[in-house]
Undergrad: 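Attaching a single structure in structure tokens format; questions to follow.
We count ligands from 1, going down the list as the structure has it; atoms in each ligand are counted the same way. Side chains are part of it too, since the values below use all heavy atoms of this structure and drop only hydrogens, waters and symmetry mates.
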Amino acid sequence: MDDARYVATLVRTAVAYGAQAANRAPVTGFLREGERVVGARVQDVEGGGEYEVRAKQVVNATGVWTDDTQAMVGERGQFHVRASKGIHLVVPRDRIHSTTGLILRTEKSVLFVIPWGRHWIIGTTDTEWDLDKAHPAASSADIDYLLEHVNSVLAVPLTRDDVEGVYAGLRPLLAGESDATSKLSREHTVAHTVPGLVVVAGGKYTTYRVMAKDAVDAAVHGLDMRVAECVTEEVPLLGAEGYPALWNARARIAARTGLHVVRVEHLLNRYGAMAEELLELIVDDPSLGKPLPAADDYLRAEIAYAASHEGARHLDDVLTRRTRISIETFDRGTRSARDAAELMAPVLGWDKDQIEREVQHYEKRVEAERESQRQPDDLTADAARLGAPDIVPL
Ligand SMILES: Cc1cc2nc3c(=O)[nH]c(=O)nc-3n(C[C@H](O)[C@H](O)[C@H](O)COP(=O)(O)OP(=O)(O)OC[C@H]3O[C@@H](n4cnc5c(N)ncnc54)[C@H](O)[C@@H]3O)c2cc1C
């Protein structure tokens with residue numbers, strides 16, 4: 001599952017039901033009436049300025065940042081969230097001759113090798129992380145750990161040269177008695193820590209709808225009104241409805257649009273029924289039906305669409321989160337960066353200078369990540385990764 005695409009689609013689904021979503025808009029404090037939380041102060045890091053958003057109930061769902069955001073309330077926390085770092089390696093499919101994925105037990109947890117398009121993903125690690133939460137960095141030790149473990153079951157061992165991409169993430173775990181993050185609970189908790197504020201913390205991706213239901217039910221409990229029962233179980237994501245019929249019609253769609261059927265399948269697999277929006281772009285401008293140079297699994301239309309429909313604001317949004325070009329190519333997307341920026345430019349109104357800034361920033365980011373992956377431990381990897389700040393600092 002492509003987690004970043006899933007989250008973006010989930011947000012679009014919520015918006016289709018009337019939600020207002022704001023990206024790159026951190027909460028800097030809560031609005032109070034006495035003890036009660038009555039809203040939040042939100043900074044617009046893209047456009048500048050700060051806004052007050054008033055609400056009858058506020059839900060704090062900030063994952064590994066929960067302790068920081070709860071500290072804004074000024075109350076002593078009822079629970080704590082620790083961050084556990086997990087990293088993954090991406091290698092080309094031909095490097096491991098297997099027709100199935102693998103799951104192995106390790107001394108700490110499990111190791112898996114799962115198919116991912118034309119690649120394998122190898123994961124994962126589970127170690128405490130208390131450095132920069134926005135950019136968890138994979139160190140050389142993390143990479144060696146995975147290579148060593150996977151090589152114990154491979155006929156032809158993998159080396160560093162086989163690794164196309166590396167990525168790291170943080171698990172928000174409810175802090176308990178155990179020191180080892182791999183032993184901490186994956187359960188979630190919901191609490192009304194002060195009137196008007198619900199906190200949901202811990203949990204797993206797999207259980208996100210249960211977490212959301214529990215958090216919203218708690219918020220509803222604090223409202224002075226009746227609200228209909230939650231129906232999340234029956235609400236499909238945008239793009240789910242109509243997908244099976246489009247899949248059956250993929251050969252006809254290919255004939256109508258002039259795309260190869262493999263490309264239509266790729267779009268349907270990534271966008272579901274929303275693939276029709278991309279197909280419209282391609283019919284209007286057939287050059288968008290061509291592959292993106294140096295990342296030819298993707299069509300140029302996907303880059304333009306990420307900017308026009310999926311809220312991408314910067315080049316790294318597109319190369320790392322709307323697509324996975326940054327981990328699926330040995331050059332980590334640097335060879336596609338300029339073409340991608342030029343496709344985004346007309347949609348977002350970028351001039352030549354902005355294109356240049358975006359490309360340079362992306363190259364710096366890739367270099368900082370590569371440098372961090374050469375460092376022996378978390379401290380040095382973190383310092384190297386911080387060498388490339390965000391294009392719009394959060
Ligand atoms: C290597 C790895 C493997 C995993 N494998 C699995 C798996 O197999 N199955 C599974 O179910 N789960 C898995 N997980 C766990 C899963 O990814 C996490 O539980 C999930 O991503 C947590 O989501 P979250 O939204 O609660 O928190 P986060 O992803 O931490 O998101 C918190 C959000 O809050 C925002 N935020 C922070 N501060 C502020 C602020 N002041 N104002 C506004 N917004 C703010 C952040 O920008 C961020 O978007 C894995 C995690 C990792 C790292």
Undergrad: Between Glu310, His266, Arg322, which is the residue that forms a side-chain contact (heavy atoms from CB on, under 4.5 Å) with Glu302?
TA: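 Of the listed residues Glu310, His266, Arg322, the side-chain contact (heavy atoms from CB on, under 4.5 Å) partner of Glu302 is His266.
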
Undergrad: Under 4.0 Å from a heavy atom of Thr69: which atoms of ligand 1 are those, numbered in the order shown and with their elements?
TA: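 Counting atoms of ligand 1 from 1, those under 4.0 Å from Thr69 are 41 (N).
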
Undergrad: Quick one: do Arg357 and Asp353 make a salt bridge, cutoff under 4.0 Å?
TA: no

Undergrad: Is a salt bridge present between Arg313 and Glu46, judged by a nitrogen-to-oxygen distance below 4.0 Å?
TA: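 A salt bridge is present here (some side-chain N lies under 4.0 Å from a carboxylate O).
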
Undergrad: Would Arg385 and Glu369 pass as an ion pair if we require N to O under 4.0 Å?
TA: yes

Undergrad: Against heavy atoms of Gly203, which atoms of ligand 1 measure under 4.0 Å?
TA: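 Heavy-atom distances to Gly203 below 4.0 Å select 19 (O).
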
Undergrad: Taking a cutoff of less than 4.0 Å between a non-hydrogen atom of the residue and any ligand atom, is Gly123 in contact with ligand 1?
TA: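 So Gly123 does not count as touching ligand 1.
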
Undergrad: Against the six-membered ring of Phe330, is Arg335 placed for a cation-pi contact (under 6.0 Å from the centre, within 45° of the normal)?
TA: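 Pair Arg335/Phe330 does not count as cation-pi.
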
Undergrad: For Gly86, counting its heavy atoms only, list the atoms of ligand 1 lying under 4.0 Å from any of them.
TA: 1 (C)

Undergrad: Looking at Arg24 and Asp317, does any basic side-chain N land under 4.0 Å from a carboxylate oxygen?
TA: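 Counted as a salt bridge, because a side-chain N and a carboxylate O are separated by less than 4.0 Å.
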
Undergrad: Describe, in one word, how the ring planes of Tyr205 and Tyr208 are oriented to each other, choosing from parallel (under 30°), tilted (30 to 60°) and perpendicular (over 60°).
TA: perpendicular

Undergrad: Taking N or O atoms only and a 3.5 Å limit, does Ile87 qualify as a polar contact for ligand 1?
TA: no

Undergrad: Side chain or backbone of Ala168 under 4.0 Å from ligand 1, or both, or neither, by non-hydrogen atoms?
TA: neither

Undergrad: Can Asp377 and Ser139 be counted as having a side-chain donor-acceptor contact under 3.5 angstrom?
TA: no

Undergrad: Got a donor-acceptor contact below 3.5 angstrom from the Arg300 side chain to the Leu343 backbone?
TA: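 No, Arg300 side chain to Leu343 backbone: no donor-acceptor pair under 3.5 Å.
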
Undergrad: So which bit of Thr124 gets within less than 4.0 Å of ligand 1, heavy atoms only: side chain, backbone, both or neither?
TA: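 It is the side chain that gets close, since no backbone atom is under 4.0 Å.
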
Undergrad: With no hydrogens and no angle check, do the side chains of Arg160 and Ser140 hold a donor and an acceptor under 3.5 Å apart?
TA: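 Yes, because at least one side-chain N or O of Arg160 sits under 3.5 Å from a partner of the opposite role on Ser140.
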
Undergrad: Just going by heavy-atom distances, which of Ala61, Gly63, Ala212 is nearest to atom 28 (P) of ligand 1?
TA: Gly63

Undergrad: Between the candidates Arg171, Met211, His188, which shows the shortest non-hydrogen contact distance to atom 4 (C) of ligand 1?
TA: Arg171

Undergrad: Would you mind listing which atoms of ligand 1 come within a distance below 4.0 Å of any non-hydrogen atom of Thr206?
TA: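 Those atoms are 9 (N), 10 (C), 11 (O).
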
Undergrad: Consider every N or O of Tyr205 and every N or O of ligand 1, then say whether any pair is closer than 3.5 Å.
TA: yes

Undergrad: Report, in ascending order of atom number, the atoms of ligand 1 lying under 4.0 Å from any heavy atom of Gly169.
TA: 53 (C)

Undergrad: Within the 3.5 Å criterion, strictly below it, is a donor on Thr69 or Asn60 matched to an acceptor on the partner's side chain?
TA: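 Note: Thr69 and Asn60 side chains meet the donor-acceptor criterion.
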
Undergrad: Short list, please: which atoms of ligand 1 are under 4.0 Å from a heavy atom of Trp65?
TA: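 Under 4.0 Å from Trp65, ligand 1 has these atoms: 30 (O), 37 (C), 38 (N), 46 (C), 48 (C).
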
Undergrad: Give the numbers and elements of all ligand 1 atoms closer than 4.0 Å to a heavy atom of Pro172.
TA: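 Near Pro172, the atoms of ligand 1 are 18 (C), 19 (O), 22 (C).
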
Undergrad: Side chain, backbone, both or neither: which part of His88 comes within less than 4.0 Å of ligand 1 when only heavy atoms are counted?
TA: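 The side chain, only.
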
Undergrad: With backbone taken as N, CA, C and O and side chain as the heavy atoms from C-beta onward, which portion of Leu170 lies under 4.0 Å from ligand 1: side chain, backbone, both, or neither?
TA: backbone

Undergrad: Check each of Val200, Val64, Thr62 against atom 39 (C) of ligand 1 and report the one with the nearest heavy atom.
TA: Thr62

